[in-house]
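What follows is one structure encoded as C-alpha cells, with my remarks underneath.
Position 1 is the first residue of the sequence; numbering continues from there.
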Amino acid sequence: MKKLKMFRRFYLLVLGYVYVTRVLMYFVANTLPFQLRWLSFLISEIITLIVYTVTGWLFSPSASNSYVQLARDDDDDGNTIEMDSLVSTTAQSEGLRKIRRPRIRGRDDEDELRETLVK
C-alpha cells in the first residue's frame with residue numbers, strides 16, 4: 001500500500017509538471033512582451049529543477065522508503081569474505097609485460113615533463 005501511495009504522488013507530480021510546462025507556459029509565453037519572453041524559459045527551467053529535486057527526495061534511500069530499502073549489515077556470523085581474498089591472479093596475467101607505445105609529438109613531451117617532475 002505504501003508503494004501505491006508513493007507512485008500516486010509521483011504520478012501527480014509528473015502530471016502537474018507536464019501540465020504546467022506545456023499548457024501554462026504556452027499562455028505565459030504568449031502574454032509576455034517580446035523583451036520579457038526569456039522569463040517563460042526561466043520559469044520553465046526552475047519548475048524542472050523543482051520537479052527533479054522533489055523526485056530525488058521522494059525516492060531517496062531511507063529506512064521508510066519502500067522502493068529503495070537500505071541494506072542492513074546484521075549478519076556478523078563469520079561468513080564474510082574479505083576483499084583481499086577475492087583478488088586472484090590468472091595464468092594469462094602472469095606473463096604480461098609493458099610495451100612501448102608509439103611516440104606522439106606534444107603528448108610525449110608532457111609525459112616526459114611529468115616523469116621528471118615526479119622523480
Side-chain angles (χ1 to χ4, degrees):
M1 192 66 171
K2 284 184 178 180
K3 288 184 179 182
L4 186 60
K5 287 181 182 180
M6 186 178 288
F7 178 73
R8 183 175 53 199
R9 286 186 205 137
F10 178 69
Y11 179 74
L12 290 175
L13 179 72
V14 170
L15 193 65
Y17 169 73
V18 169
Y19 176 73
V20 167
T21 57
R22 302 299 182 252
V23 177
L24 288 180
M25 293 314 299
Y26 174 76
F27 291 125
V28 169
N30 286 333
T31 57
L32 288 175
F34 180 74
Q35 293 82 7
L36 298 176
R37 184 88 184 230
W38 60 272
L39 281 174
S40 66
F41 297 109
L42 178 68
I43 293 170
S44 177
E45 292 297 323
I46 290 172
I47 291 171
T48 302
L49 178 66
I50 290 170
V51 167
Y52 283 137
T53 305
V54 169
T55 302
W57 176 71
L58 280 175
F59 293 99
S60 63
S62 66
S64 63
N65 191 339
S66 57
Y67 277 104
V68 185
Q69 292 291 328
L70 293 176
R72 298 179 186 253
D73 193 19
D74 294 336
D75 55 347
D76 290 336
D77 55 357
N79 292 335
T80 59
I81 300 173
E82 295 296 326
M83 184 59 92
D84 294 336
S85 65
L86 295 177
V87 177
S88 64
T89 59
T90 62
Q92 293 176 347
S93 65
E94 287 179 3
L96 293 179
R97 61 187 167 92
K98 186 175 179 180
I99 59 171
R100 293 195 60 124
R101 59 187 163 108
R103 296 188 59 84
I104 299 173
R105 189 175 303 162
R107 187 179 74 184
D108 292 329
D109 297 337
E110 292 174 8
D111 291 342
E112 289 174 6
L113 178 63
R114 192 173 298 127
E115 287 176 9
T116 57
L117 292 176
V118 171
K119 290 180 184 178

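- Residues Tyr52 and Leu13 do not share a hydrophobic cluster, clusters being chains of Ile/Leu/Val/Met/Phe/Trp/Tyr side chains in contact below 4.5 Å.
- Note that CG of Leu58 is 6.5 Å distant from CE of Met6, once rounded to the nearest 0.5 Å.
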For residues 33-41, which side-chain donor-acceptor pairs fall under 3.5 Å, sequence neighbours excluded?
residue, atom, partner, partner atom, Å
Trp38, NE1, Gln35, O, 3.2
Ser40, OG, Arg37, O, 2.8

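- Atom CD1 in Ile47 sits 8.0 Å away from atom CG in Leu24 (nearest 0.5 Å).
- Note on Trp57 and Ile46: same hydrophobic cluster, where clusters join Ile, Leu, Val, Met, Phe, Trp and Tyr whose side-chain heavy atoms are under 4.5 Å apart, directly or indirectly.
- Among residues at least two apart or in separate chains, ring-ring contact (aromatic ring centres under 6.0 Å, His included) pairs with a member in residues 8-28 are Phe10-Phe59.
- Listed by chain and number, the residues in a side chain to side chain contact (heavy atoms under 4.5 Å, CB included) with Leu12 are Arg8 (sequence neighbours excluded).
- There is a path of hydrophobic side-chain contacts, each under 4.5 Å, that joins Val51 to Leu42.
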